[in-house]
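Below is one structure, written out as structure tokens; the observations come after it.
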Amino acid sequence: MNSTNYNGVYLSVLAGAGGDDAKDWAQMLLRMYEKCADKKGWKKQYVNEITISLKGEGVYEYLKGESGVHRLVRISPFDSKKLRHTSFALVEVLPILPPVEVSKIQIPEKDVKIDFFRSSGPGGQNVNKVETAVRVSHLPTGIVISSQSERSQSANRDKAMELLKIKLIALMREKHETAIENLKVKVKPEWGHEIRSYVLHPYKQVKNHATGIKISRVEEVLNGDLDLLESMK
């Protein structure tokens, strides 16, 4: 996608295999990007428990390189034997597209299933006793999007549909397809090779796997200081 004038992104972090360690690692990464947004002065809003929208000048250009698999090595806080564990999480960064571009995508009603549920906070706590949250499933591809950040059911439906269309646009470009009807294969997370490793034990290090460059200031990176990674490119 052309990054020109993309001053907003939807950033999602999906836990890989590994149970509680992987889920915790995904939440750590999401907090890292939130802290980065605070440092940069970007506007942030939760869309659902794994996705946030970030808006600010140059945000897509800054974060697009974060897409990919992130690997963590540490002593597991969930292991009574205090053993070292490796966890994986997948980061997805998609630009928030102009409404005119999103509106060009028309999804047949028969291809979409919509469910409603009670919205909850970022940590999973219940914050609404009314089913205002919306889950949209695109049946041909298996893509599932939810939104619970808006106050009304209709607003959450619109937000979920917008994000679904953006994901389908990205998928069409990736697969070199010109029609949404051609996207029939179920989409599964493609983990592939990690783009970055974060090691907290037995030493401290962040490594960029594309360049091989390493830095030791891992806590500062996890605290949102992503500018430190510029030296690794």
Side-chain angles (χ1 to χ4, degrees), residues 1-16 21-75 77 84-98 122-123 149 163 166-167 170 174 189-233:
M1 292 183 180
N2 188 334
S3 60
T4 303
N5 296 326
Y6 289 149
N7 290 327
V9 301
Y10 287 117
L11 187 149
S12 302
V13 185
L14 297 84
D21 274 291
K23 293 177 183 177
D24 188 54
W25 173 223
Q27 286 298 313
M28 288 171 63
L29 283 172
L30 207 53
R31 286 194 296 271
M32 178 181 79
Y33 294 118
E34 285 188 87
K35 291 177 180 178
C36 176
D38 291 338
K39 294 177 187 291
K40 295 291 185 181
W42 298 332
K43 181 181 179 181
K44 64 179 189 291
Q45 181 184 36
Y46 264 86
V47 177
N48 53 52
E49 292 182 359
I50 65 168
T51 303
I52 53 176
S53 68
L54 301 172
K55 295 181 180 180
E57 185 175 354
V59 61
Y60 177 67
E61 193 68 31
Y62 187 86
L63 290 176
K64 64 181 182 179
E66 296 297 304
S67 291
V69 176
H70 294 240
R71 172 176 173 259
L72 173 69
V73 180
R74 64 172 175 176
I75 298 295
R84 188 172 60 182
H85 284 240
T86 300
S87 305
F88 297 89
L90 178 65
V91 175
E92 180 182 65
V93 180
L94 294 172
I96 298 176
L97 301 178
S149 61
L163 183 49
I166 288 174
K167 287 176 73 74
E174 178 187 340
E190 297 178 357
W191 297 100
H193 298 291
E194 59 265 26
I195 64 167
R196 191 181 303 144
S197 290
Y198 308 71
V199 181
L200 295 175
H201 184 85
Y203 51 87
K204 294 184 178 181
Q205 175 184 280
V206 180
K207 178 181 179 181
N208 184 320
H209 288 268
T211 63
I213 297 175
K214 308 170 185 176
I215 61 174
S216 60
R217 300 163 70 178
V218 58
E219 283 102 342
E220 293 173 66
V221 172
L222 290 174
N223 199 41
D225 195 352
L226 300 191
D227 284 349
L228 292 173
L229 301 176
E230 288 298 308
S231 63
M232 301 174 66
K233 296 179 179 178

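Computation of the quantities below employed the complete heavy-atom set of this structure, encompassing side-chain atoms and omitting hydrogens, waters and symmetry-equivalent molecules.
Listed by chain and residue number, Ser197 satisfy the side-chain hydrogen bond (donor to acceptor under 3.5 Å, both in side chains) test with His209 (two or more places apart in sequence, or in another chain). Listed by chain and residue number, Arg84 satisfy the side-chain contact (heavy atoms from CB on, under 4.5 Å) test with Pro202 (two or more places apart in sequence, or in another chain). In this structure, the side-chain contact (heavy atoms from CB on, under 4.5 Å) partners of Lys35, at least two apart in sequence or on a different chain, are Asn223. The side-chain hydrogen bond (donor to acceptor under 3.5 Å, both in side chains) search around Thr51 returns Ser12, Asn48, not counting sequence neighbours. Remark: Arg74 engages Asp21, Asp24 in a salt bridge (Lys or Arg N to Asp or Glu O under 4.0 Å) (not counting sequence neighbours). Listed by chain and number, the residues in a ring pair (Phe, Tyr, Trp, His ring centres under 6.0 Å) with Tyr33 amount to none (sequence neighbours excluded). By the side-chain hydrogen bond (donor to acceptor under 3.5 Å, both in side chains) test, Glu220 pairs with Arg217, sequence neighbours left out. Residues forming a salt bridge (Lys or Arg N to Asp or Glu O under 4.0 Å) with Lys204 (at least two apart in sequence, or on another chain): Glu219. For Lys167, the salt bridge (Lys or Arg N to Asp or Glu O under 4.0 Å) partners at least two apart in sequence or on another chain are Glu92. Judged as a side-chain hydrogen bond (donor to acceptor under 3.5 Å, both in side chains), and not counting sequence neighbours, Asn208 has no contacts. With sequence neighbours excluded, the residues forming a side-chain contact (heavy atoms from CB on, under 4.5 Å) with Thr86 are Arg71, Val73, Phe88, listed by chain and number. Among residues two or more places apart in sequence or in another chain, the salt bridge (Lys or Arg N to Asp or Glu O under 4.0 Å) test is passed with Asp225 by none.
Side chains of Val199 and Lys207 form no contact here, defined as non-hydrogen atoms less than 4.5 Å apart. Side-chain atoms of Trp42 and Cys36, non-hydrogen and from C-beta on, do get closer than 4.5 Å to each other. Looking only at side-chain heavy atoms (C-beta outward), Leu54 and Tyr60 stay at 4.5 Å or farther from each other. Side-chain contact between Leu228 and Val206: absent, with no pair of heavy atoms (C-beta onward) separated by less than 4.5 Å. A 4.5 Å side-chain heavy-atom check between Leu63 and Leu226 finds at least one atom pair inside the cut-off. Counting heavy atoms from C-beta on, the side chains of Val93 and Tyr62 never come closer than 4.5 Å.
The nearest pair of heavy atoms linking Ala89 to Val13 is CB-CG1, 4.0 Å. Summarising the geometry of Asn7 relative to Val59, their closest heavy-atom pair is C-CG1, 3.3 Å, with the distance given to 0.1 Å. For the pair Ile52 and Glu34, the tightest heavy-atom approach, listed with the atom from each and the gap, is CD1-CG, 4.1 Å. Met232 and Thr211 make their closest contact through O-OG1, 2.7 Å (heavy atoms, listed as atom of the first residue, atom of the second, distance). In terms of heavy-atom proximity, Ser87 sits nearest to Ala22 at OG-N, 3.9 Å.
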Residues Ile195, Val91; criterion side chain to side chain contact (heavy atoms under 4.5 Å, CB included); working and verdict | CA-CA 10 Å; Ile195 64 167; Val91 175; over 6 Å; no
Decide side chain to side chain contact (heavy atoms under 4.5 Å, CB included) for Ile50 and Leu14; before the verdict, give the C-alpha distance in whole Å, the side-chain angles of both, and the deciding distance to 0.1 Å.
-> CA-CA 7 Å; Ile50 65 168; Leu14 297 84; 4.2 Å; yes
Does the side chain to side chain contact (heavy atoms under 4.5 Å, CB included) test come out yes or no for Tyr6 and Ile96, once each step is laid out?
-> CA-CA 7 Å; Tyr6 289 149; Ile96 298 176; over 6 Å; no
Test side chain to side chain contact (heavy atoms under 4.5 Å, CB included) applied to Lys40 and Asp227, step by step = CA-CA 10 Å; Lys40 295 291 185 181; Asp227 284 349; 2.9 Å; yes
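Rounding to the nearest 0.5 Å places CD of Glu194 at 11.5 Å from CG of Leu72. Distance check: Leu29 CG to Leu222 CG gives 7.5 Å after rounding to the nearest 0.5 Å.
Ring geometry for Tyr198 versus His70: interplanar angle under 30°, hence parallel rather than tilted (30 to 60°).
Under 4.0 Å is where a charged nitrogen must lie from a carboxylate oxygen, and between Arg31 and Asp38 no such pair does.
Counting non-hydrogen atoms of other residues, nucleotides and ligands closer than 6.0 Å to NZ of Lys23 gives a total of 12 or fewer. Within a 6.0 Å sphere centred on NZ of Lys214, other residues, nucleotides and ligands contribute 12 heavy atoms or fewer.
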